[in-house]
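Structure record follows, encoded as structure tokens.
All figures in this text were calculated on a predicted structure; none of them were measured in a lab.
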Amino acid sequence: MLPTITVDDKKCTDPLSCRKCLLTCPTHVLGLGTKVGPQKFREIDPNQFIVAGVRLERCAVCMDCVNVCPKNAIQVNF
Amino acid sequence: MCVWCERYADGYQRWYFNPANYARRLYKVRKEEEEASGAEANPQAAGGMALLTRDFLEALDRNDHDAIAKMKRQVEEISQTVHFGQVVTLEDILKVVDTIYPIAIMTCACRRSMLGLPNEENFTCMGMGPGMYKWERWPETYRGGIQFLTPDEAKDIVIQMNKRGLVQTLFTFGTPYLAGICNCDYPDCSAIRTTVDYGIHFLWKGHQVARVDNELCNGCTSCIHRCQFKALSFSPTQNKAYIDLFQCFGCGLCATECPQEAITMVERASFPALANVW
């Protein structure tokens with residue numbers, strides 16, 4: 001069974017400068033990307049950045065990302 | 001023999017020493033497809049990393065071998081046509097730096113996406129060839145811009161990154177055209193991680209493998225932290241470094257670190273059973 005990681009993009013407004021969850025994850029499961037994919041100009045706009053679970057097979061459901069998030073934006077379900 | 005050498009070496013010792021493989025402008029693939037049909041020009045390189053979805057991880061999780069094999073094949077086919085990498089020793093990469101111009105350094109897309117590293121800590125990725133002029137012209141379209149390097153500066157930077165423990169790899173952008181020197185580590189390099197964790201052949205092993213000379217190895221362990229591929233371990237029983245030749249990617253980082261010169265890089269092709277382990 002794989003965990004599901006849900007990030008509320010409305011609460012997580014500037015992941016590029018926060019990145020606490022990315023750095024705390026012991027197995028580097030989370031990834032940072034843009035909502036628009038590699039599109040000219042928009043892909044470097046901080047407003048377009050989102051965090052998502054990527055390497056989910058390595059998620060141990062430790063909840064460190066949930067606890068470190070200052071905006072309470074992350075949910076992990078297993 | 002390395003299939004890329006068979007197809008693209010054209011008499012050179014390795015395919016990445018053949019200057020013709022650096023001669024194409026970047027983005028040609030995209031130009032021939034979307035942009036040719038009128039889509040807005042987009043100077044971003046095509047990446048193969050976003051091809052793996054939750055479907056693949058779920059198939060792995062439930063041991064669905066058929067589904068895994070099918071998805072692997074699809075991803076490998078795309079990556080080998082468009083964008084894949086091969087591990088290269090420091091010695092070879094320094095020769096490559098003398099082959100191609102211009103060379104520029106830029107932010108690493110993998111560490112950017114896995115760690116959100118700011119550009120000032122993340123200039124570890126090198127782009128080569130005429131595509132760099134495009135990014136120079138539109139710096140705002142590539143994160144953090146690019147900085148052109150002289151061949152000597154490029155060599156110094158690669159040597160420094162090798163000292164830091166980063167593995168040198170070459171990447172195609174529209175195979176066989178090589179346009180990237182990456183300096184990678186596990187777990188934040190998408191290529192190493194996809195290859196080592198999922199067994200997807202996205203990063204190819206290099207042309208050499210590392211051998212430990214047990215007479216010379218004194219068990220000092222200074223090489224142990226250098227392996228990014230889970231090929232090198234320490235045997236307390238023998239008090240020696242142990243290298244799994246079948247898992248070794250041939251980057252040479254352990255060899256450059258060994259104070260006893262007990263690790264040597266040997267041609268993969270000199271071992272019949274390793275000659276086709278890529």
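Interatomic distance, B/Glu58 CD to A/Glu57 CD, rounded to the nearest 0.5 Å: 12.0 Å. To the nearest 0.5 angstrom, B/Asp197 atom CG is 6.5 Å from A/Arg55 atom CZ. Note that the CG atom of A/Leu22 and the CZ atom of B/Arg111 stand 14.5 Å from one another [nearest 0.5 Å].
Environment of CD in B/Glu120: crowded, with over 12 heavy atoms of neighbouring residues, nucleotides or ligands closer than 6.0 Å.
Closest heavy-atom contact between A/His28 and B/Pro187: ND1-CG, 3.5 Å. Heavy atoms only, all atoms of each residue included: A/Arg19 and B/Gly116 are closest at CD-O, 3.2 Å. Taking each heavy atom of B/Arg193 and A/Thr27 in turn, the nearest pair found is NH2-O, 2.7 Å. A/Leu2 approaches B/Asp61 most closely through the heavy-atom pair N-OD2, 3.6 Å.
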Begin with the C-alpha distance, continue with both residues' side-chain angles, and end with the deciding distance and a verdict on side chain to side chain contact (heavy atoms under 4.5 Å, CB included) for A/Leu32 and B/Met114.
-> CA-CA 6 Å; A/Leu32 176 75; B/Met114 294 310 286; over 6 Å; no

Per-pair distances, 0.1 Å, donor-acceptor, side chain in residues 64-78 of chain A, under 3.5 Å, sequence neighbours excluded:
| from | atom 1 | to | atom 2 | distance (Å) |
| --- | --- | --- | --- | --- |
| A/Asn67 | ND2 | A/Met63 | O | 3.1 |
| A/Lys71 | NZ | A/Thr13 | OG1 | 3.0 |

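Only the side chain of A/Leu23 comes within less than 4.5 Å of a heavy atom in chain B; its backbone stays farther off. Using a 4.5 Å cut-off between heavy atoms, A/Thr4 contacts chain B through both its backbone and its side chain. Heavy atoms of B/Arg62 lying under 4.5 Å from chain A are absent altogether. Heavy-atom distances place no part of B/Phe56 under 4.5 Å from chain A, backbone and side chain included. Looking at A/Val51, neither its backbone nor its side chain comes within 4.5 Å of chain B, counting heavy atoms on both sides. Residue B/Leu60: no heavy atom, backbone or side chain, is found under 4.5 Å from chain A.
Contact count versus chain A (heavy atoms, under 4.5 Å) is highest, among B/Leu57, B/Asp188, B/Leu117, for B/Leu57.
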